[in-house]
Trainee: 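Please find one structure pasted underneath; my questions will follow.
For the single chain, residues carry numbers from 1 onward in sequence order. Whatever order the structure lists ligands and atoms in, that order sets their numbers, starting from 1.
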Amino acid sequence: MKTACIMESKAEYPIGKIVCLARNYVAHIKELGNETPEQPVLFIKPSTSVIGSGEIIRIPSYSGECHYEVELALLIGTGGKDISEGSALDHIAGYGVALDMTLRDVQNELKKKGLPWEIAKGFDTSCPLSEFVPAAVVSDPQNLRIRLEINGELRQDGTTDHMIHPVRRIVAHISSIFTLEPGDVILTGTPSGVGPVVSGDRLRAELVGLATLEVAVE
Ligand code: ZN
């Protein structure tokens, strides 16, 4: 079973579902030529997709184009259904950084056919995930910075004040559809700058000043 860890405490949560937002930063929507949705676009990765720092991303043989997407990750500590925006932050145990590894060629084919994305987004190793900084450390989740370097070169650098749907609304909206449970993880969408990885790449993602994640591509 995959677990999420809170730094500097012994708290560990068995990871439940991983609910992800697509299209939550305008500049990223434009770079992929997508439309800006009125409601958040949601999809789910299985908990088996998680790897931790020091582990290896393995690109499935049915894809020739695997993209990185660096994202702010939320760890749910207190579950709930129909959580209000006003109380949403109280349900978060910690903040971390994740990579939403995406088989872009496969996803584009599925999108064209109107088919679900799971095999492009939920394969084994598709969700590298850092440890989580305790929520108490973060006074404003819309004032965070996420960065990604590949082989030492900066590829993505975004701030959460550019989210279309802020963290409070994301938690409230998701909980109106899926009951949230302790150990569930939410990925909040990627800023612009996505692109492909190749064999041997070393990825270093950072929730700046708070958490880091280092993985390599097989
Ligand atoms: Zn994503």
Trainee: Passes side chain to side chain donor-acceptor pair (under 3.5 Å), Lys121 versus Thr102? Steps please.
Mentor: CA-CA 5 Å; Lys121 290 279 202 180; Thr102 301; 2.9 Å; yes

Trainee: Do Leu187 and Cys127 come within less than 4.5 Å of each other through their side chains, counting heavy atoms only?
Mentor: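 Side chain of Leu187 against side chain of Cys127, heavy atoms only: contact under 4.5 Å found.
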
Trainee: Taking the Zn ion (ligand 1) as the reference point, name the nearest N/O/S atom of Glu69.
Mentor: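 Result: OE1.
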
Trainee: First locate atom NZ of Lys2, then atom OG1 of Thr48, and finally report the distance between them rounded to the nearest 0.5 Å.
Mentor: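 Going from the NZ atom of Lys2 to the OG1 atom of Thr48 covers 7.5 Å.
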
Trainee: Quick check on side-chain contact (heavy atoms from CB on, under 4.5 Å): which of Val171, Ile186, Thr78 does Ile92 satisfy it with?
Mentor: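 Of Val171, Ile186, Thr78, side-chain contact (heavy atoms from CB on, under 4.5 Å) with Ile92 is met by Val171 alone.
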
Trainee: Of all the N, O or S atoms in Asp100, which one sits nearest to the Zn ion (ligand 1)?
Mentor: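 It is OD2 of Asp100.
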
Trainee: Can you tell me the N, O or S atom of Glu71 that's nearest the Zn ion (ligand 1)?
Mentor: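 Atom name returned: OE2.
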
